[in-house]
There are 2 protein chains.
Amino acid sequence: MPASGTRDNIVTEADRLFYEQGFEHTSFQHVADAVGISRGNFYYHFKTKDEILDAVIERRLSDRQEMLGVWEMEGETPHQRIASFVRILIMNEAKIRQFGCPVGSLFLELSKLDHAGEDGARRLFDLFRTWLRQQFEAMGCGKDADDLAMHLLARSQGVATLANAYPAETFLEREVQQMLAWLDAVAAQADILTI
Amino acid sequence: MPASGTRDNIVTEADRLFYEQGFEHTSFQHVADAVGISRGNFYYHFKTKDEILDAVIERRLSDRQEMLGVWEMEGETPHQRIASFVRILIMNEAKIRQFGCPVGSLFLELSKLDHAGEDGARRLFDLFRTWLRQQFEAMGCGKDADDLAMHLLARSQGVATLANAYPAETFLEREVQQMLAWLDAVAAQADILTI
DNA sequence: CGAGATTTAGGACACTTGTCCTATTTTGTC
DNA sequence: GACAAAATAGGACAAGTGTCCTAAATCTCG
């Protein structure tokens with residue numbers, strides 16, 4: 001695993017281009033130009049387009065996993081960690097307004113292509129779903145934890161989609177506040193049940 | 001406007017293929033094969049791919065507008081009409097599980113392509129947004145009507161996205177019930193304010 | 001320095017794409 | 001039945017695609 005800088009650069013640029021322009025619309029040439037290498041060199045590192053896609057998905061998975069790991073170690077409460085998740089929408093506001101959610105848009109595209117990578121893209125959803133479920137469980141939501149996780153995932157997806165469609169509006173901030181309020185309500189309800 | 005059957009067939013098949021496989025991934029050849037005509041005949045009806053896209057968007061717009069019109073004429077209350085909107089998710093459950101939301105997925109794709117048709121696709125969102133706003137206004141939600149419309153649109157988008165990612169689960173029905181309950185709460189709140 | 005492995009460049013290949021042109025067939029009307 | 005218009009078929013065209021090959025350049029290490 002020499003991790004030649006070039007390979008990493010390819011994954012980085014492919015990651016960005018797949019997000020900004022979509023997987024199918026991004027060609028070998030696009031990525032090669034972005035990295036500043038020739039198509040021939042490209043082929044040395046990745047034999048097929050699917051190999052790049054796999055590498056991009058792995059990159060996204062490990063990026064997100066690291067982010068969740070940091071939140072775990074910062075010693076916050078589950079409630080605060082879920083709030084951090086919701087606030088991703090604000091942290092990445094500019095990009096989301098331009099290109100939507102990287103997870104949702106990649107999955108949607110691969111799903112329409114009947115592409116094998118669809119399963120890889122779903123793993124990105126799984127990562128957040130499982131993590132959210134664990135946080136809700138730690139909050140004392142017991143058997144509802146997975147439903148709550150799915151609910152929050154769906155809300156986030158919807159907000160990202162509409163923020164992309166109407167990028168000039170204050171809608172995103174408003175919805176984030178509503179989700180945080182919803183989270184407080186869920187936490188309060190869980191406290192009552194636990195007492 | 002002779003409305004030769006062939007032209008209508010082209011729009012119908014293109015509409016379906018754009019939904020199922022995406023706009024970019026669908027070629028002239030795909031549509032021609034689906035309709036059962038030659039590429040040459042195709043060119044007689046549509047000079048460019050963008051012309052087909054425009055026609056498909058117009059078709060989707062008029063289809064949805066008609067649907068909303070029917071709900072208006074059935075003499076239901078605004079509350080019941082909005083509930084009908086929410087239940088689209090259940091009516092089209094099978095397709096949504098397979099291909100997601102036709103409005104959201106088309107917009108997302110065109111947005112990534114920086115395609116001029118993006119504006120056309122946004123008009124589909126606008127159609128529902130405006131209609132929902134009017135219903136909420138009629139329910140007495142006054143200045144919140146547009147926010148509520150956007151909220152419900154976002155929720156629906158999110159549910160469609162996750163139902164597409166996890167097609168085998170009961171998530172969709174559960175979320176629809178929650179949206180209907182939310183709608184009841186909004187209505188009750190509006191009633192209090194109106195009294 | 002110099003030999004061997006790694007990395008890069010440049011182009012070939014068959015295929016598909018959107019677009020466009022020109023014949024041929026079908027249709028509708030006197 | 002004849003003729004103009006509408007509709008259809010089939011293929012040409014340049015451009016771009018993913019894939020693959022080979023020769024050159026660069027790096028590594030004795």
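First the proteins, then the strands, lettered A, B, ... as listed; each starts at 1.
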Self-check item: Side-chain N,O (His45(A)) to OP1/OP2 (dT8(C)) below 4.0 Å
Solution: yes
Between CZ of Phe46(B) and C1' of dT8(D) the distance, given in whole Å, is 15 Å
inquiry  = For the residue pair Arg16(B) and Phe99(B), would you count it as a cation-pi contact if the rule is NZ or CZ under 6.0 angstrom from the ring centre and within 45 degrees of the ring axis?
reply    = no
Rounded to whole Å, NZ of Lys49(B) lies from P of dT16(C) at a distance of 15 Å
side-chain N/O Tyr44(B) vs dT8(D) OP1/OP2, d < 4.0 Å: no
Separation of dT19(D) atom C1' from Phe28(A) atom CZ, nearest Å, is 7 Å
Between CD of Glu51(A) and P of dG18(D) the distance, given in whole Å, is 14 Å
**Asked** So does Tyr43(A) get a side-chain nitrogen or oxygen closer than 4.0 Å to the phosphate oxygens (OP1/OP2) of dC20(D)?
**Response** yes
His25(B) and His30(B) aromatic ring geometry - parallel, tilted or perpendicular at 30°/60° bounds: tilted
To the nearest angstrom, the CD-C1' distance between Glu24(B) and dG16(D) comes to 12 Å
On DNA chain D, more 5' by nearest nucleotide between Ile37(B) and Lys47(A) is Ile37(B)
Comparing nearest nucleotides in DNA chain D, the 5'-proximal residue of the pair His25(A), Gly40(B) is Gly40(B)
Side-chain N,O (Thr48(B)) to OP1/OP2 (dG18(C)) below 4.0 Å: no
Review point. Can a side chain N or O of Thr6(A) be found less than 4.0 Å away from OP1 or OP2 on dT8(C)?
Key: yes
Do Arg81(A) and Leu68(A) have side chains that approach each other closer than 4.5 Å (heavy atoms only, starting at C-beta)?
no
From CG of Asp33(B) across to C1' of dG10(D) the rounded distance in Å is 14 Å
Atom CZ of Phe42(B) and atom P of dG18(C) are separated, to the nearest Å, by 9 Å
Taking OP1 and OP2 of dT8(D), is either one under 4.0 Å from a side-chain nitrogen or oxygen of Ser38(B)?
no
Would you say the side chain of Ser156(B) lies within less than 4.5 Å of the side chain of Phe85(B), judging by non-hydrogen atoms? yes
Rounded to whole Å, the CG-P distance (Asp50(B) to dT17(C)) equals 17 Å
Margin query: Side-chain N or O of Asn41(A) versus OP1/OP2 of dT7(C): is the shortest distance under 4.0 Å?
Written below: no
(request) Any chance you could lay out the ring-ring contact (aromatic ring centres under 6.0 Å, His included) test for Phe171(B) and His151(A), step after step, and finish with the verdict? (result) CA-CA 9 Å; Phe171(B) 161 77; His151(A) 178 82; 8.4 Å; no
